[in-house]
Structures are given as C-alpha cells and as structure tokens.
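Values in this document were obtained by computation on a predicted structure and should not be read as measured data. Both counts, for ligands and for their atoms, begin at 1 and track the order of listing.
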Amino acid sequence: MNLKNPKIKRPGETEGESKRFFISTYGCQMNVNDTDRMACLLEMSGYAPIPRPEMADLILINSCSIREKPVHKVRSEAGRYRKLKMNNPKLKIGVAGCVAQQERGRLLKDIPFIDFVLGTDAIDELPSLLASLEEKGAKQISVRQTPKEPYHIQTLIKNPKVSAFVNISKGCDNFCSFCVVPFTRGRERSRPLQHIVEDLRALYQRGVREVTLLGQNVNSYRSECGADFGRLLEALAVQTDIQRIRFTTSHPKDFNKELVEIMQDHRDKIMDFIHLPVQSGSTEVLRRMNRGYSREEYIEKALMILEKMPESVLSTDIIVGFPGETEEEFEETMSLLDEVPYESLFSFKYSPRPFTKAAFYENQLPESEKSRRLYALQEKHEKIAFSLARKYKGQVLSVLAEKRDKKSGLFMGRSTHNKLVYFEGVEEDLGCILPIQIQRTFPLTFYGEKVS
Ligand code: 5AD
Ligand code: SF4
C-alpha cells in the first residue's frame, strides 16, 4: 500500500461504515492479553479490526518498557504513522501499556501528533476516553492507578481460540532492583477465586480447552477468601472442564512442596512445564537484585520439582551484566546451567530502567562486556538445549491441536511440556488432544506423526 497516496478512501468517510482499528503489541503475555481486551472493547463500541495500519481510523501502540530503549521504540513506531495522520487528520493515535504508564503526560509533549495516553489500569476506560476525544477534540490521558480497588475483571476475548490467557493477578510487590514492573503495573492484586472459576467455565463453553493463568508473580496469588495459588489450581482443576491449565510467571521464593504436590495430584490437567526465572547463578548478585533466595536455595527447589515431578520441564530467565557483576559471578551463572537442566532459556543484557535501584548502582558494565557474556551464555545453553531435546525423539506426546500453519500447511499444537509440535492433520483435529510420535527435535520445536 502506498502511504503517500492521499486519495485513499477511508472507512468512516462513508456513512454506515464502521471505523477501523489497528493495535501493535510489544512485550509479555500480559500485554498480548491486554490487546485482546482493548480489541474486544473497541469491537463492542462499533470499531472493526484491520491487520495493517494504513487504513485505520485508530492506531494503538501497546508498549513494553521492561528493557532497552522503550520510549525510543514507541517514538519511532509513532513516527511511521505521522504521514498517515497528515493524509487523514481524523486518524487517532494512542499509546497504551507500560511506556504509557511510565511516561504519562511526557509522551504527549515528546510525540506531539499522538492523541491519547492510556495507562495499564485504564484499559476499560478506552471507549469513554475515545468518546471524550471526539467530543472535546482535546488530547486525553488516563493513567490513574487504583491500588486499593478490588481487581474485578472478566476475560474479554471476541473469538477465543483453543488456548486462552486469563489474568489472575496484576502488579508486583517484589521490587527486584532491576525491574520497572512494580512502577508500571502497580501494587499486586488478585482476582477473587470464584470469578476465575466462572471465567474458565464460560471460556470452556466457548470452545477454549487450555488456559494460561497470568500474573507478574503468578504463584503469590491470594484470593480475598484466603486461598493461595495451590488452592486456586486445585479449584480450577476440580470445578471446571478446562483440559489443560498452564501458568506464568512463577517466583522461586513462592514455589513450595505443597504446590508441587497439588500439581502432581492433578497432573492430568495441570501442565508440568514451569518457567522459574533465576536471573543469576551468584548468591551475591541475587542479593543485590533483591530476589529473596540464594543460588543454593534455588537449586534445591529446582531439583525438588524435578524429583517430585519427574516428567516436568523447567525454563528460566537470566540477566547478564548486572551492575558490578564480576567475571567470577558471571561464571557462577554459567555453571548453574550444569546443575539445573533448563530446556529453554530467555537471556537478557541488563538494561537500567527508570525508578529502579539498580540503575543507580555503581560499576555499570560496558555494553561490549554485556554482549560478550550474553553470547557465551547463549552458546553454552544452545548445546544443552539440543541435547535435552533429543530425548523426546521416538516418544509419543499428547498434543493439543491449535491451528494450521499457513506457511507449511502442517497442523501445530503444544505438548504438555509446552513444545511446539508440527504434524500432518485434518480440520477435525483442532481442539483435540492427539498422540503424536516425535521424529525430529529442535530445542523448542518438534516434528512428528499422528499415531492411534
Ligand atoms: N534488564 C534486563 N532484563 C530485565 N528483565 C526485567 N528487567 C530487566 C532489566 N532491567 C528480564 C528478567 C525478567 C524478564 C521478563 O525480563 O529476566 O524475568
Ligand atoms: Fe519484576 Fe521481580 Fe516483580 Fe518479576 S518479581 S515483575 S522481576 S519486580
């Protein structure tokens, strides 16, 4: 499409045609879920989605500020829409997500052609904010956080697929010294247990077979009735027909034996794939990160999980180049990979974030050193991941068929351990849990064949 063409006839110019929106999404699953929610609210307000921004009447950038140059990314994406706005002054551009919450009114000054800023607690206000924008013709901002209000939302998805995300809590009280989330997502609050049960029942009625429970610190969930995360999992496994329950992200300090036992008791429904971010293999760095556990405590917990749930799979997040991280401390992170068999690893160079303690720590490492450490860690893990994946060759895994891959024509789904599995299938397979024999393995992706 030619962005410069001013003669494009836009929807909204013809009476009766609905306005169209485009949302671009950055960051974590929480943001993906927020985008679904905003899309649903917009459709309920008469907007229609379009896959590209060129013909949109409304463009929303759902931003992420967890790492490197987030404001810059928003500015450069918004910059690409500037010409669209010049050709169509009625086009509205907004910024939502964590950068919106972090930068607030500054964004309106910094990027003069954006029309509104929507904070992380203000998603439900999107329709009324757009109405005010139309009525008043003035820029709008909604970034109020509501730490004392109960967290009552219902999952909103227009056309749910086989697998859906469900928020169970929001915010974080841990204040890891590197992390901006407590500042962008506010204090931690949990949804009432019964609301989540009802949510899952309704999703099942609409064809959802698998849910991923989301929370910044999912396993510190605590309902108003006092139920903890283990009790919630138990209630969802027993009181709903959902076939598979996943969750992310767990904090190691809140993972205990009782939770593992509940997972084992309901292993037909609760998937034994656990993302357990360690962040560093050095006790001293973990202390400076304010993580609340030592290297030894973490290893003990990880091995306890693997011992009690022999089928379970672990993955992790690691930050390299944290301020003051010595070569020896980095080596402790490298050697952790020999002690805990992580099947997948997400690794990052430390990036100073606004408001966080670590941004003010001395001995910030040069980029080149952070890059060297990242590369060394990834190289080491890649070998481990390939070799761990090989054990699945020949095994028959239970795969929930999710969709047909447009490119290859193959069907795809996830195994209980969250591996992406491709296979030859038929339309009727969608939504079913199938036995697939694995033939080829890569660390995160397998190829296999249906067996009866
Ligand atoms: N720099 C680099 N990585 C970070 N993460 C969070 N904050 C930062 C930061 N300032 C990583 C952590 C976290 C993941 C979601 O992002 O590893 O678990
Ligand atoms: Fe950030 Fe730590 Fe909270 Fe995770 S637990 S969201 S890393 S502050």
Review point. What do you reckon, are the aromatic ring centroids of F423 and F446 less than 6.0 Å apart?
Key: no

(Q) For Y361 and Y350, I'd like to know if the aromatic rings sit close, meaning centre-to-centre distance below 6.0 Å. (A) no

Show which side-chain atoms of residues 383-392 pair as donor or acceptor with protein atoms under 3.5 Å away, not counting sequence neighbours.
| unit_1 | atom_1 | unit_2 | atom_2 | d |
| --- | --- | --- | --- | --- |
| K391 | NZ | E343 | OE2 | 2.9 |
| Y392 | OH | E343 | OE1 | 3.0 |
| Y392 | OH | E343 | OE2 | 3.1 |

Take R187 and D121 through the test salt bridge (charged side-chain N to carboxylate O under 4.0 Å, His left out) and record every step on the way to the result.
CA-CA 11 Å; R187 296 289 60 74; D121 261 5; over 6 Å; no

dist I50:CD1 -> I59:CD1 (nearest 0.5 Å) comes out at 8.0 Å

Counting only non-hydrogen atoms and a 4.0 Å cut-off, the residues near ligand 1 are I66, R67, F178, Q279, D317, I319, F348, K349, Y350, S351, R353

Between V74 and S63, the two heavy atoms sitting closest are CG2-CB, 3.6 Å

- Message: With salt bridge (charged side-chain N to carboxylate O under 4.0 Å, His left out) as the criterion, how do E327 and R372 come out once you've worked through the C-alpha distance, each side chain's angles and the decisive distance to 0.1 Å?
- Response: CA-CA 11 Å; E327 189 59 40; R372 187 190 68 75; 2.8 Å; yes

Side chains of residues 305-315: which donor-acceptor partners sit under 3.5 Å, not counting sequence neighbours?
| unit_1 | atom_1 | unit_2 | atom_2 | d |
| --- | --- | --- | --- | --- |
| S312 | OG | M309 | O | 2.7 |
| S315 | OG | H275 | ND1 | 2.5 |

Checked atom 2 (Fe) of ligand 2: protein N, O or S atoms closer than 2.8 Å come out as C176 SG

Taking NZ, NE, NH1 and NH2 as the nitrogens, is one of them in R295 or E329 under 4.0 Å from a carboxylate oxygen of the other? no

